[in-house]
Amino acid sequence: MGVYQRDERWMVYFHENGKRKDKSFGRGDEARLRAEAFDFAVRQAKEKGMPVHDPAMVAIGVQGVVQGPSVTQVATMVAPVGAVEASAAPLAPYAASVAPVAAPTTRITFGQLATMYLDHLRVSGRTEKHIYSLDKLLKNVFFDILGRDTLVDGMTYLKDIVPFIKQMQGVSTKTKKPRSQSSVNRYCDYLDAIFHFGIEMELMQKNQMKGRKKAKEHPRDVQVNVDDLRRIMDYAEPHIRWAMEVCFNLGTRPGPSELFALRWEHVDFEKSTVRIYATKTKSFRTVPVTPAFLERLREMRDKSQSSYIIEYRGKPVTTIRKSFNTACDLAGIKVPVRMYDLRHLFATTMLSNGADLAAVSKLMGHSTVKMTADVYYHYLEGEKEKAVGKLPSLVGV
């Protein structure tokens, strides 16, 4: 249950007979008051086991006592909307009294806010996989620590967020290993996004994550090289080998965001380029391909049974993590490795062979060259030595 806005219309969502219902009350201050009054009435009815009132028969801010045969139940007064200025006489036999209705920002729970945020993601075009993962994370982790029924405006940084972060920094119940700082930061970013959504929708007054300072992540050291990739491909299934080949030659982000979203229509065989849409930056980038890889693309297109470049038995692929890890084990790779390492090797191999930093940044789809430099500059072979070599001597020779 809760009050929220959609397209400036004041809405109330509640559950009746196990089904969610959303009721619109229009726009403006009066609509907001009517929505708050109805939300209050629904809560009162739910607490007392009474049926949900007809929205058209709930007065703004009027509360009364309903006398029953054996019990006294408090319920929102049933009266035509607009009866606030009317006398109490038409409300007989109820004993009416004017009671301020608490603002919805003081009553919305973290569980309610999270549910509305997930609905927001669904209508905003986020992938079902992302929404499913976040929903699972909320149910299995966030609610256990922060509480599904905790009122969001009663939460504070010191009382709720700091213990949450400390617990996130501990051992994962799934992997039985301490979580990496990048994982902790990602979980905190999710929480920050939920609270920010609540403020934008005027469901809460403040963002409890405001006091948090994002901890610096240690850059992950890629410990595999191109020869290791070739060895892994020797033990991989055909569709895994092809996925690795595409990822390395195009520098795509692995997974459904880029690699698995590639279609044959994105390949321009005349210009020897592939157009990639990055969901992370909401932008397109064009990556030229070598003549050898262009020939591989032609070969695989002729064998393809679908419109997707990466497929398995004629169907698009959604994940290859398990099969990729199996190939790594069979190849005897002892160091940590993941598909994302192929994207790193795409950049580092070019930079180590003298490629221009700005060009590599464009190929990676980074929003700024600075981002590329921060991560990959140390791979620019001899650049620092070359720069120092430009200095003149201050003393005569």
Side-chain angles (χ1 to χ4, degrees), residues 1-2 4 13-15 18-20 22 108-152 155 160-201 203-204 207-209 212 214-215 217 220 243 253-261 278-280 282 310 312 315-326 336 338-340:
M1 295 173 285
Y4 66 101
Y13 83 94
F14 59 99
H15 291 83
K19 294 184 178 180
R20 171 170 169 155
D22 292 76
I108 189 168
T109 67
F110 178 59
Q112 292 168 340
L113 179 63
T115 299
M116 285 186 276
Y117 178 68
L118 291 173
D119 287 342
H120 161 69
L121 293 181
R122 289 185 179 94
V123 301
S124 300
R126 295 305 298 267
T127 64
E128 280 301 320
K129 183 175 181 180
H130 172 77
I131 296 170
Y132 173 79
S133 298
L134 181 54
D135 186 27
K136 191 174 180 180
L137 188 65
L138 285 164
K139 292 175 180 175
N140 296 343
V141 181
F142 285 30
F143 290 159
D144 286 345
I145 302 172
L146 296 171
R148 183 191 294 266
D149 298 323
T150 304
L151 298 176
V152 289
M155 298 170 72
D160 300 281
I161 305 305
V162 170
F164 171 81
I165 296 175
K166 288 176 69 176
Q167 190 156 341
M168 287 296 96
Q169 291 172 335
V171 176
S172 169
T173 55
K174 183 178 180 181
T175 65
K176 308 301 180 184
K177 298 178 181 178
R179 293 185 181 90
S180 65
Q181 189 58 56
S182 61
S183 294
V184 175
N185 285 346
R186 186 170 71 253
Y187 293 163
C188 289
D189 288 343
Y190 288 153
L191 196 56
D192 186 40
I194 292 172
F195 288 150
H196 183 70
F197 165 78
I199 292 173
E200 282 193 328
M201 296 296 105
L203 299 168
M204 52 191 288
N207 188 336
Q208 288 79 358
M209 296 291 290
R212 166 217 178 198
K214 196 169 185 176
E217 300 175 15
R220 186 177 182 273
R253 295 177 175 91
S257 64
E258 289 186 11
L259 180 61
F260 300 152
T279 56
K280 186 174 182 179
K282 302 292 189 295
I310 309 299
Y312 179 67
K315 295 181 179 180
V317 175
T318 57
T319 180
I320 59 174
R321 182 181 301 175
K322 187 175 180 180
S323 297
F324 177 74
N325 290 340
T326 299
R338 55 181 183 165
M339 274 293 292
Y340 208 96

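From a predicted model like this one, the values you see are computed outputs, not experimental measurements. These values consider heavy atoms only, across backbone and side chains, with no hydrogens, waters or symmetry-generated copies.
For R148, there are no salt bridge (Lys or Arg N to Asp or Glu O under 4.0 Å) partners at least two apart in sequence or on another chain.
For M116 against I108, the heavy-atom pair with the smallest separation is CE-CD1, 3.0 Å. Contact between M155 and D160 at its shortest, heavy atoms only, is CA-OD2, 3.1 Å. Summarising the geometry of Y312 relative to V317, their closest heavy-atom pair is N-CG2, 3.8 Å, with the distance given to 0.1 Å. When every heavy atom of P256 is checked against every heavy atom of A261, the shortest pair comes out as O-CB, 3.5 Å. Nearest heavy-atom pair across I161 and M209 is CG2-SD, 3.3 Å.
We find the CD1-CD1 distance between I194 and I199 to be 12.5 Å, quoted to the nearest 0.5 Å. Once rounded to the nearest 0.5 Å, the distance linking CG of L137 with OH of Y132 reads 12.0 Å. F142 CZ to Q167 CD: the interatomic distance, rounded to the nearest 0.5 Å, is 11.5 Å. Between atom CG of residue D135 and atom NE2 of residue H130 there is a gap of 11.0 Å, rounded to the nearest 0.5 Å. Between atom CG of residue L118 and atom CG of residue L134 there is a gap of 5.5 Å, rounded to the nearest 0.5 Å. Atom-to-atom distance recorded for F197:CZ and S124:OG is 8.5 Å, nearest 0.5 angstrom.
Taking 4.5 Å as the limit, some side-chain heavy atom of L259 sits within range of a side-chain heavy atom of M339. Side-chain atoms of I165 and C188, non-hydrogen and from C-beta on, do get closer than 4.5 Å to each other. I310 has its side chain out of reach of I320: every pair of non-hydrogen atoms, C-beta onward, lies at least 4.5 Å apart. Side-chain contact between T150 and T109 is absent, with no heavy-atom pair separated by less than 4.5 Å. Two residues are said to be in side-chain contact when any heavy atoms from C-beta on lie closer than 4.5 Å; L203 and L113 meet this criterion. A heavy-atom distance below 4.5 Å is not found between the side chains of F110 and D149. With contacts defined as side-chain heavy-atom distances shorter than 4.5 Å, the pair R212/D189 qualifies. Inter-residue side-chain proximity for L138 and T115 is flagged as unmet; no heavy-atom pair is nearer than 4.5 Å.
R122 CZ: more than 12 foreign heavy atoms inside a 6.0 Å radius. For H196, the NE2 atom is loosely surrounded, since the number of other residues' heavy atoms within 6.0 Å does not exceed 12. The number of heavy atoms from other shown groups lying within 6.0 Å of OH (Y340) is above 12.
Between the side chain of Q208 and the backbone N or O of F195, no donor-acceptor pair lies under 3.5 Å.
S180 and S183 are linked by a side-chain donor-acceptor pair at a separation below 3.5 angstrom, with hydrogens and angles left out of the test.
Aromatic ring centroids of Y187 and F164 lie 6.0 Å or more apart.
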Evaluate the criterion side-chain contact (heavy atoms from CB on, under 4.5 Å) for residue pair M168 and V141; output intermediate values, then yes/no.
CA-CA 9 Å; M168 287 296 96; V141 181; 3.2 Å; yes
